[in-house]
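Below you'll find the structure, written out as structure tokens, and then a few comments.
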Amino acid sequence: MKKGVILQLIESWGPGGAETIVLELCKKLSERSFYPVVGLLKDGWLNQELSRHGIETVIIKNKYSCDPFCLWQLVKIIRMRKIDIIHSHEFMMNVYGTVASILTNKPIINTIHGKNYYWEKWRRILAYRFMGHFATKVVAVSEDLKNFVADRTGINRDKISVIYNGIDLNKYNIKNSCDILKIKKELMLNNVVIGSVGNIYPVKGYLYLIQAASKVIKRIPDITFLIIGKKTPYFDELKRIVDNLGINGHINFLGFRNDVQDLLALFDLYVSPSLSEGLSLSILQAMAAGKPVIATDVGGNQEIIRHGETGILISPQNSEMLADSILMLLENKTLANKLGMAARKVVKEKFSINCMIDNYIKLYESCKV
């Protein structure tokens, strides 16, 4: 017997952290006797992945940032599909979803995934104050983000719950060294591989990774820096910098990949040079794969990594510190392995997919599905 129909709303449709969380959440909800329906603004990667797993989706047409027709469609979907709870993600759908919740008298949970650009404009801050006042529940994906949201918008801290993003540990089994060497040979990679995962945007800090790479290569020439993520117009600028530094043969931009969990096995180290994070899914994935991680001390990273115990935290925008940390772990295999094993244990205990699902189900049930 179905416990309730949950409408998941998200404005973006390409591969990314929030989109992956929505996908995994819907897959697990189906197993827990909930029926998820996902509202999207466009067809794309997320719609295709959801459909592949038999999850119902609906495309909501949207032409403007404030589109009454979009809201009308949303209200119609809620009524026709007999939605019990609305669960929205990210700025636009959090606001649209909240208005639709008022109009249909349905409870809504708003999840905030990061400190994106919308905090810079007062109209958007006012919109979030409105959302925070009328939402049934508000979720932030880290304590750091919860405090940020409360400080910027004035939403009562007591109304904001923290639910950490979760990882399916079974997808990140540690492969043996023979398998890894074979794959490296097939992809024509150097003996040492430093990896990073994230779409190519300035906020991901790849400029500082490239600058650090130019220093590391001088000490360890037999090395490849593998960057996995959707290429955007910013990629052209990074490519010019790589060419100017003369390290083109050492930096490999793979673009978007569906097999990240397999590629993680190739990494000797995982690096996250990001300038801002909510709670990094890619860091959790690397930790689940047992990889030693170097990450900038931004957003919720400090809640994932205990410096010197489960990873290394460095200052953002600091290529010298990043290069030194990479070299330190490459030259200290014992420490690197210790960090990787401790990281995997932390994910299992605190950041598992089941833990995330359990926490969201508790919220759903508190909304009287």
Side-chain angles (χ1 to χ4, degrees), residues 10-25 40-50 89-93 111-120 141-142 145 165 167 171-172 193-213 224-242 251-264 266-267 269-289 291 293-296 298-301 304 316-317 319 322:
I10 185 165
E11 64 203 61
S12 49
W13 51 90
E19 297 83 0
T20 299
I21 289 298
V22 170
L23 173 62
E24 294 299 325
L25 181 58
L40 301 163
L41 295 184
K42 283 187 181 180
D43 188 11
W45 175 83
L46 182 55
N47 189 38
Q48 292 160 16
E49 286 296 307
L50 289 163
H89 304 259
E90 302 288 34
F91 174 75
M92 183 184 290
M93 284 308 200
T111 294
I112 303 169
H113 290 269
K115 303 173 183 177
N116 294 334
Y117 62 91
Y118 41 75
W119 306 102
E120 298 169 6
V141 297
S142 70
L145 184 58
N165 293 336
I167 292 291
K171 289 184 177 180
Y172 300 92
V193 177
I194 309 299
S196 190
V197 178
N199 295 331
I200 312 299
Y201 294 109
V203 73
K204 291 301 180 182
Y206 288 129
L207 168 63
Y208 304 98
L209 177 58
I210 290 166
Q211 290 173 345
T224 298
F225 287 78
L226 209 58
I227 297 174
I228 303 168
K230 182 181 71 176
K231 294 179 181 179
T232 67
Y234 182 58
F235 166 73
D236 294 331
E237 183 178 336
L238 290 182
K239 193 69 173 63
R240 282 194 294 271
I241 294 168
V242 169
I251 309 290
N252 191 345
F253 292 91
L254 286 188
F256 169 71
R257 299 283 296 231
N258 265 321
D259 57 347
V260 169
Q261 62 266 33
D262 296 323
L263 293 171
L264 281 169
L266 308 179
F267 299 170
L269 298 178
Y270 182 85
V271 175
S272 175
S274 186
L275 310 185
S276 177
E277 288 290 348
L279 194 84
S280 173
L281 197 63
S282 61
I283 290 177
L284 290 177
Q285 289 169 337
M287 292 172 70
K291 299 300 171 181
V293 173
I294 299 168
T296 47
V298 297
N301 287 355
I304 304 175
Q317 303 181 64
S319 58
L322 179 53

Contact summary for [X] and [Y], nearest pair of heavy atoms:
| X | Y | result |
| --- | --- | --- |
| M92 | L41 | SD-CD1, 3.6 Å |
| S276 | V203 | CB-CG2, 3.8 Å |
| Y172 | I167 | CE1-CG2, 3.7 Å |
| Y234 | I200 | CB-O, 3.8 Å |
| V197 | Y270 | N-OH, 3.1 Å |
| N165 | L279 | ND2-O, 3.1 Å |

Side chain to side chain contact (heavy atoms under 4.5 Å, CB included) between D236 and K231: does it pass, once the steps are laid out? CA-CA 9 Å; D236 294 331; K231 294 179 181 179; over 6 Å; no
Show your working on side chain to side chain contact (heavy atoms under 4.5 Å, CB included) between L23 and W45 and close with a plain yes or no. CA-CA 11 Å; L23 173 62; W45 175 83; 4.2 Å; yes
Roughly how far, to the nearest 0.5 Å, is the [atom2] atom of [Y] from the [atom1] atom of [X]?
| X | Y | atom1 | atom2 | answer |
| --- | --- | --- | --- | --- |
| Q48 | D43 | CD | CG | 5.5 Å |
| F267 | T224 | CZ | OG1 | 11.0 Å |
| M287 | S282 | CE | OG | 11.5 Å |
| L322 | I210 | CG | CD1 | 11.5 Å |
| I251 | L238 | CD1 | CG | 10.0 Å |
| L226 | R257 | CG | CZ | 8.5 Å |

For residues E90 and H113, determine if any side-chain heavy atom of one lies less than 4.5 Å from a side-chain heavy atom of the other.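 With C-beta onward as the side chain, the pair touches.
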Is there a side-chain contact between L254 and L263 in this structure, where contact means two heavy atoms from C-beta onward sitting under 4.5 Å apart? yes
Check: [Y] main-chain N/O paired with [X] side-chain donor or acceptor under 3.5 Å:
| X | Y | value |
| --- | --- | --- |
| T111 | H89 | no |
| E19 | L46 | no |
| N47 | K42 | no |
| Y208 | L275 | no |
| Y201 | T232 | no |

Is there a side chain to side chain contact (heavy atoms under 4.5 Å, CB included) between L145 and K115? Walk through the geometry before answering. CA-CA 7 Å; L145 184 58; K115 303 173 183 177; 3.7 Å; yes
I'd like to check the side chain to side chain donor-acceptor pair (under 3.5 Å) partners of S272; sequence neighbours left out, ordered by chain and number.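 Side chain to side chain donor-acceptor pair (under 3.5 Å) list for S272, sorted by chain: empty.
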For F225 and V271, run side chain to side chain contact (heavy atoms under 4.5 Å, CB included): C-alpha distance rounded to whole Å, both residues' side-chain angles, the deciding distance at 0.1 Å, then the answer. CA-CA 10 Å; F225 287 78; V271 175; 5.9 Å; no
Who are the salt bridge (Lys or Arg N to Asp or Glu O under 4.0 Å) partners of K230, not counting sequence neighbours? none
